[in-house]
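Everything below concerns the one structure shown next.
Chain letters run A, B, ... following the sequence lines, proteins first and then strands; every chain starts at 1.
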Amino acid sequence: ESVYEEMMKCRISLNVYSYNILIRGFCAYDKMDRALLFLDEMEKNGCYPNVITFNTLLDAYCKLGMIDKALNLLQVMSTRELKPNLITYNTVINGLCREGYMDKTKDILVEMSNRGMNPDRVTYNTLVNGYCKEGNVHQALFLHDEMIRKGIPPNVVTYTALIDNMCKAGNLTRAMDIMGQMQERGLEPNEMTYTTLIDGFSKQGFLDNAFLFFRQMVEDGLQPSVTAYNSLINGYCLLGKIDKASELLQDMETAGLVPDLITYSTIIHGLCGTGDLDKAFELNERMVVKGILPD
RNA sequence: CCAAGAACUCAAUGGC
């Protein structure tokens with residue numbers, strides 16, 4: 001913001017790119033009001049918002065769960081003769097999926113088709129994930145098949161969404177099945193795929209398997225992320241093996257990762273579960289010292 | 001003056 005003021009003072013005029021970046025910044029901090037202010041500002045300065053500007057705002061509304069605002073904005077776009085593109089529609093579809101309005105996505109798909117736009121891989125992945133979250137595995141798998149039929153082969157994102165769904169449904173065998181299908185198609189699990197599996201097996205108490213995935217990930221040359229560690233830590237905590245969890249906390253720091261709020265609260269919660277309240281407070285202290293505030 | 005680069009969408013983790 002201060003840089004912006006500075007630039008205004010120096011009469012440096014911003015272009016659409018810089019405005020878009022600014023707007024995105026405010027959106028990321030849930031400052032929609034500020035973001036919209038810049039939308040006005042840019043127009044006053046004779047800089048016209050483009051599709052990307054609107055896509056950014058649309059996505060922000062969707063992520064905040066304000067799908068109605070997003071749909072309104074979509075209307076505004078057409079009154080301004082700004083043509084929505086595929087990303088616009090993908091963004092809105094994802095917003096609808098997040099809110100569980102799967103039936104509404106069909107309207108958007110029709111509108112897309114009326115405008116001569118075909119769903120791409122992101123559209124499909126968004127829908128596959130949406131149906132998975134709704135518990136409609138059937139439709140998710142149907143779309144997966146349709147992707148292949150239409151020559152838009154599923155990618156690792158598609159499969160990770162499906163694997164996650166199987167894991168969360170408690171069907172680990174099925175999850176591994178999907179993983180096998182993926183590899184048959186020449187796709188290799190990435191960091192997120194492994195994390196999904198680690199989380200799935202951890203939650204069912206199969207820590208040995210979870211740890212194997214963890215090792216496999218490293219063998220594949222992938223660096224386990226904070227999320228991967230967190231998933232495994234959670235698994236050990238669920239079994240009351242807080243010592244194991246604490247070891248992993250050390251490991252991640254050794255690996256140069258910065259444990260986050262989730263890491264600490266998972267272990268603190270675990271310590272509370274085993275009645276080690278003083279250790280829990282102690283860890284909370286350590287966390288605060290590291291500059292992470294409890295929420 | 002020319003060229004290059006820079007902005008938007010999909011999958012994973014704890015508690016409440």
Side-chain angles (χ1 to χ4, degrees), chain A residues 14-25 27-28 42 49-60 62-63 70 84-98 108 119-133 140 143 147 152 154-168 175 178 182 187 189-203 210 213 217 224-238 245 248 252 259-273 280 284 287 294-295:
Chain A
L14 302 191
N15 58 14
V16 202
Y17 288 91
S18 18
Y19 271 112
N20 286 348
I21 294 170
L22 262 170
I23 289 177
R24 178 163 185 73
C27 286
M42 69 191 285
N50 60 13
V51 196
I52 296 185
T53 317
F54 277 90
N55 288 350
T56 305
L57 291 166
L58 275 173
D59 188 48
C62 289
K63 302 257 155 82
N85 60 17
L86 192 51
I87 295 184
T88 314
Y89 288 118
N90 286 345
T91 304
V92 173
I93 289 175
N94 190 33
L96 290 168
C97 288
R98 280 167 172 255
I108 303 288
D120 68 354
R121 196 176 274 106
V122 173
T123 321
Y124 273 107
N125 286 346
T126 306
L127 290 167
V128 165
N129 186 47
Y131 282 113
C132 280
K133 294 273 145 70
L143 288 173
M147 290 174 83
I152 310 172
N155 62 8
V156 67
V157 175
T158 326
Y159 285 105
T160 303
L162 289 168
I163 289 170
D164 183 53
N165 179 64
M166 300 303 170
C167 285
K168 295 213 159 76
I178 303 278
M182 177 180 93
L187 297 168
N190 65 14
E191 205 271 324
M192 286 218 192
T193 319
Y194 278 121
T195 305
T196 304
L197 288 164
I198 290 170
D199 180 59
F201 280 77
S202 283
K203 285 207 172 102
F213 285 125
M217 177 170 26
S225 64
V226 173
T227 305
Y229 274 98
N230 287 348
S231 302
L232 201 52
I233 286 173
N234 183 44
Y236 283 118
C237 285
L238 288 174
L248 284 164
M252 62 194 291
D260 63 6
L261 181 62
I262 298 185
T263 318
Y264 288 106
S265 22
T266 304
I267 303 179
I268 290 171
H269 185 247
L271 287 168
C272 291
N284 190 58
M287 176 180 87
D295 59 0

[X] [atom1] to [N] [atom2]: how many Å, rounded?
{"X": "A:Phe213", "N": "B:rU13", "atom1": "CZ", "atom2": "P", "result": "16 Å"}
{"X": "A:Leu162", "N": "B:rA12", "atom1": "CG", "atom2": "C1'", "result": "14 Å"}
{"X": "A:Met147", "N": "B:rA11", "atom1": "CE", "atom2": "P", "result": "14 Å"}
{"X": "A:Ile233", "N": "B:rG15", "atom1": "CD1", "atom2": "P", "result": "14 Å"}
{"X": "A:Asp295", "N": "B:rU13", "atom1": "CG", "atom2": "C1'", "result": "14 Å"}
{"X": "A:Tyr89", "N": "B:rU9", "atom1": "OH", "atom2": "P", "result": "18 Å"}
{"X": "A:Leu14", "N": "B:rA6", "atom1": "CG", "atom2": "C1'", "result": "14 Å"}
{"X": "A:Leu86", "N": "B:rC8", "atom1": "CG", "atom2": "C1'", "result": "12 Å"}

Please report the C-alpha distance between A:Asn234 and A:Ser231 in whole Å, then the side-chain angles of each, then the deciding distance to 0.1 Å, and finally whether the side chain to side chain donor-acceptor pair (under 3.5 Å) criterion is met. CA-CA 5 Å; A:Asn234 183 44; A:Ser231 302; over 6 Å; no
Does a side-chain N or O of A:Lys168 approach OP1 or OP2 of B:rA12 to a distance below 4.0 Å, or not? no
Below 4.0 angstrom from OP1 or OP2 of B:rA6, is there any side-chain N or O of A:Arg24? no
Any heavy-atom pair between the side chains of A:Tyr19 and A:Pro49 that's under 4.5 Å?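 Sidechains of A:Tyr19 and A:Pro49: no contact.
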State, yes or no, whether a side-chain contact exists between A:Met182 and A:Thr193 at a heavy-atom distance under 4.5 Å. yes
No-H, no-angle donor-acceptor pair, A:Ser265 side chain to B:rG14 base, under 3.5 Å: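 For A:Ser265, whose side chain was compared with the base of B:rG14, there is a donor-acceptor pair (under 3.5 Å).
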Taking atom types as they are modelled, is there a donor-acceptor pair under 3.5 Å from the base of B:rA11 to the side chain of A:Asn190? yes
Looking at A:Leu96, A:Ile93, A:Val157, which hits side-chain contact (heavy atoms from CB on, under 4.5 Å) with A:Thr126?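 Checked A:Leu96, A:Ile93, A:Val157 against A:Thr126; only one passes side-chain contact (heavy atoms from CB on, under 4.5 Å): A:Ile93.
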Base, sugar-phosphate alone, or nothing: which one does [X] contact when heavy atoms must sit under 4.0 Å apart?
{"X": "A:Asn50", "answer": "base"}
{"X": "A:Thr196", "answer": "sugar-phosphate"}
{"X": "A:Thr91", "answer": "sugar-phosphate"}
{"X": "A:Thr126", "answer": "sugar-phosphate"}
{"X": "A:Asp260", "answer": "nothing"}

Are B:rA11 and A:Tyr159 stacked, with the base six-membered ring and the side-chain ring centres under 5.5 Å apart and planes under 30°?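 Not stacked: fails the 5.5 Å / 30° test.
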Starting the side chain at C-beta, find the nucleotide from [options] nearest to [X].
{"X": "A:Asp59", "options": "B:rU9, B:rA12, B:rA7", "value": "B:rU9"}
{"X": "A:Asn125", "options": "B:rU13, B:rC10, B:rU9", "value": "B:rC10"}
{"X": "A:Ile262", "options": "B:rC10, B:rU13, B:rA7", "value": "B:rU13"}
{"X": "A:Val157", "options": "B:rA12, B:rA11, B:rC8", "value": "B:rA11"}
{"X": "A:Ala161", "options": "B:rA11, B:rU13, B:rU9", "value": "B:rA11"}
{"X": "A:Asn129", "options": "B:rG14, B:rA6, B:rC10", "value": "B:rC10"}
{"X": "A:Met192", "options": "B:rA12, B:rU9, B:rG15", "value": "B:rA12"}
{"X": "A:Asn234", "options": "B:rA11, B:rG14, B:rA6", "value": "B:rG14"}
{"X": "A:Asn230", "options": "B:rU9, B:rA11, B:rU13", "value": "B:rU13"}
{"X": "A:Lys63", "options": "B:rC8, B:rU9, B:rG14", "value": "B:rU9"}

Which one of A:Asn55, A:Asn125, A:Thr123 satisfies the side-chain hydrogen bond (donor to acceptor under 3.5 Å, both in side chains) criterion with A:Asn90? A:Thr123
For the residue pair A:Ser18 and A:Asn15, confirm or rule out a side-chain donor-acceptor distance under 3.5 Å. yes
To the nearest 0.5 angstrom, please state how far the CE atom of A:Met287 sits from the OG atom of A:Ser265.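 Reported to 0.5 Å precision, the distance equals 6.5 Å.
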